[in-house]
Amino acid sequence: VQLVESGGGLVQPGGSLKLACTPSGLFLGHYVIGWFRQAPGKEREGVSAISNSDGSTYYAESVKGRFAISRDSNKATTYLQMNSLKPEDTAVYYCAVATFLEPFTVTTMRAWQHDYWGQGTQVTVSS
């Protein structure tokens, strides 16, 4: 299964963008879809995630109150609505999926748990 991200671009500080992650196939069982980001010279950071098991969500402290993760009704596409964007949000954003054998409540994000990754989409916040 491949993940395809879209929606990145250039936006002014205070603006909004909505990223989308669409898988090429179906994930079966229990899984979490997450958004990571990586800025130049920085480590990859978990931004937000949602579990298909119980709908639980996770947000990094740096984006709480500004970003919102959601899925469409058929769970085919996952979105990351990003509002009140700041220059420090500038990064390549990656969609990733972690699969589990049991129902999973997401409380944190660990990159190593994710087996599937998209190619990334650039988000640049600048005036």
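We're numbering straight along the sequence, starting at 1. Only a predicted model underlies this, so the values are computations on that prediction, with no experimental measurement involved.
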Checklist entry - Restricting to pairs with a member in residues 71-103, which pass ring pair (Phe, Tyr, Trp, His ring centres under 6.0 Å), not counting sequence neighbours? => result F100-F104
Checklist outcome for this item: Between A76 and D72, the two heavy atoms sitting closest are N-OD1, 2.8 Å
Checklist entry - Among pairs that include at least one residue of residues 29-75, which meet ring pair (Phe, Tyr, Trp, His ring centres under 6.0 Å), considering only residues two or more places apart or in two chains? => result F27-Y31, F36-H114, F36-W117
Item to check | Close side-chain approach of C95 to I33, heavy-atom, < 4.5 Å | outcome: yes
Next on the checklist: Tell me whether I50 shares a hydrophobic cluster with M82, the cluster being built from Ile, Leu, Val, Met, Phe, Trp, Tyr side chains joined at under 4.5 Å.
Outcome noted: yes
Checklist entry - Is the number of heavy atoms from other residues, nucleotides or ligands within 6.0 Å of CD (Q122) greater than 12? => result yes
Next on the checklist: Looking at every non-hydrogen atom in both residues, tell me the closest pair between S62 and E45 and how far apart they are.
Outcome noted: OG-OE2, 3.4 Å
Checklist outcome for this item: One should read off an interatomic distance between T99 OG1 and L28 CG, to the nearest 0.5 angstrom, of 10.5 Å
Item to check | Residue pair R37, L80: steps toward the side chain to side chain contact (heavy atoms under 4.5 Å, CB included) verdict | outcome: CA-CA 12 Å; R37 67 185 180 186; L80 185 66; over 6 Å; no
Checklist entry - Does V106 share a hydrophobic cluster with L3, counting links as ILVMFWY side-chain heavy atoms below 4.5 Å and allowing steps through other members? => result no
Item to check | Heavy-atom pair of closest approach, residues A60 and G46 | outcome: CB-O, 3.4 Å
Checklist entry - Are M109 and V47 co-members of a hydrophobic cluster defined by side-chain heavy atoms under 4.5 Å apart? => result no
Item to check | Between CZ on residue R71 and CD1 on residue I69, distance to nearest 0.5 Å | outcome: 8.5 Å
Checklist entry - Would R66 and D89 satisfy side chain to side chain contact (heavy atoms under 4.5 Å, CB included), going step by step from the backbone distance to the final call? => result CA-CA 11 Å; R66 300 188 298 122; D89 294 317; 2.7 Å; yes
Next on the checklist: Please find the pair of heavy atoms, one from P103 and one from S53, that lie closest to each other, and give the distance.
Outcome noted: CA-OG, 3.4 Å
Checklist entry - Can V1 be reached from L26 by stepping across I, L, V, M, F, W or Y side chains whose heavy atoms are under 4.5 Å apart? => result no
Next on the checklist: Set out, in order, the CA-CA distance, both residues' side-chain angles and the distance that settles side chain to side chain contact (heavy atoms under 4.5 Å, CB included) for E88 and T90, then state yes or no.
Outcome noted: CA-CA 5 Å; E88 50 263 45; T90 295; over 6 Å; no
List the atom pairs, with distances to 0.1 Å, where a side-chain N or O of residues 10-23 and a protein N or O form a donor-acceptor pair under 3.5 Å, not counting sequence neighbours.
| from | atom 1 | to | atom 2 | distance (Å) |
| --- | --- | --- | --- | --- |
| S16 | OG | N83 | OD1 | 2.9 |
| T22 | OG1 | T77 | OG1 | 3.1 |

